[in-house]
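Note: hydrogens, waters and symmetry copies are ignored here, and every other heavy atom, side chains too, is used. Note that this is a predicted model, so its numbers are computed, not measured.
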Amino acid sequence: MTGSTPSEMMNLRLILVSGKTKEFLFSPNASAADIAKHVYDNWPMDWEEEQVSSPNILRLIYQGRFLHGNVTLGALKLPLGKSTVMHLVARETLPEPNSQGQRNREKTGESNCCVIL
């Protein structure tokens with residue numbers, strides 16, 4: 001994408017696992033599901049090798065976290081008129097919100113249980 005981003009829009013630079021990138025413009029009201037559908041419907045020619053079978057398996061990762069389908073760009077407080085980088089991956093399901101914390105507790109032997117005497 002060349003030039004500047006319109007002040008009422010957000011420019012997303014999406015990066016695939018392969019390292020290929022493409023930029024897309026979205027409004028702050030666009031949800032992660034809306035973005036996945038738009039990208040799927042407008043799949044870049046140079047991403048042909050990474051083509052997926054459905055928009056439902058496309059997932060966005062922002063700052064190391066998977067974005068659930070109903071999260072909007074505005075809710076993330078992304079700056080208008082600026083570019084933001086996100087990763088785009090194909091994945092059937094998302095991890096549960098606390099699954100990473102649960103795995104860490106299992107590794108360290110910590111528990112959320114308490115003993116009442």
Undergrad: Answer yes if Val17 and Val85 sit in the same cluster of Ile, Leu, Val, Met, Phe, Trp and Tyr residues linked by side chain heavy atoms under 4.5 Å apart, and no otherwise.
TA: no
Undergrad: Grouping I, L, V, M, F, W and Y whenever their side-chain heavy atoms are under 4.5 Å apart, do Leu58 and Ile15 come out in a common cluster?
TA: no
Undergrad: Mind checking whether Lys22 and Asp46 have side chains closer than 4.5 Å, heavy atoms only?
TA: yes
Undergrad: I want to check something: taking the side chain as every heavy atom from C-beta on, are Met9 and Ser27 in contact at a cut-off of under 4.5 Å?
TA: yes
Undergrad: Return the minimal non-hydrogen interatomic distance between Tyr62 and Leu78, and the atom names on each side.
TA: OH-CD2, 3.1 Å
Undergrad: Evaluate the side chain to side chain contact (heavy atoms under 4.5 Å, CB included) criterion for residues Leu76 and Leu67: first the C-alpha distance (whole Å), next the side-chain angles of each, then the deciding distance (0.1 Å), finally the verdict.
TA: CA-CA 10 Å; Leu76 296 172; Leu67 301 182; 3.8 Å; yes
Undergrad: Kindly list each side-chain donor-acceptor pair under 3.5 angstrom involving residues 28-40, sequence neighbours excluded, with atom names and distances?
TA:
residue, atom, partner, partner atom, Å
Ser31, OG, Ala33, N, 3.4
Ser31, OG, Asp34, N, 3.1
Ser31, OG, Asp34, OD1, 3.4
Ser31, OG, Asp34, OD2, 3.1
Ser31, OG, Gly69, O, 3.3
Asp34, OD2, Ser31, N, 3.0
Lys37, NZ, Asp41, OD1, 3.2
Lys37, NZ, Asp41, OD2, 2.8
His38, ND1, Asn42, ND2, 3.2
Tyr40, OH, Ser53, O, 3.2

Undergrad: How close do Trp47 and Trp43 get, counting heavy atoms only, and between which atoms?
TA: O-NE1, 2.9 Å
Undergrad: Is it true that atom CD of Glu49 has more than 12 heavy atoms of other residues, nucleotides or ligands lying nearer than 6.0 Å?
TA: no
Undergrad: Apply side chain to side chain contact (heavy atoms under 4.5 Å, CB included) to residues Thr84 and Arg13 and explain how you reach the verdict.
TA: CA-CA 6 Å; Thr84 300; Arg13 175 177 289 146; over 6 Å; no
Undergrad: Is the CD atom of Gln51 crowded by more than 12 outside heavy atoms at less than 6.0 Å?
TA: yes
Undergrad: Between Met86 and Ile57, is there a shared hydrophobic cluster once you connect ILVMFWY residues whose side-chain heavy atoms come closer than 4.5 Å?
TA: yes
Undergrad: Counting only heavy atoms from other residues, nucleotides and ligands, does the tally under 6.0 Å from NZ of Lys82 exceed 12?
TA: no
Undergrad: Quick check for you: to the nearest 0.5 Å, what is the distance between Glu50 atom CD and Ser18 atom OG?
TA: 3.5 Å
Undergrad: Under the side chain to side chain contact (heavy atoms under 4.5 Å, CB included) test against Leu88, which residue among Leu60, Ile61, Thr21 passes?
TA: Leu60
Undergrad: Looking only at non-hydrogen atoms, find the nearest pair between Arg59 and Arg91 and report the distance.
TA: NE-O, 3.1 Å
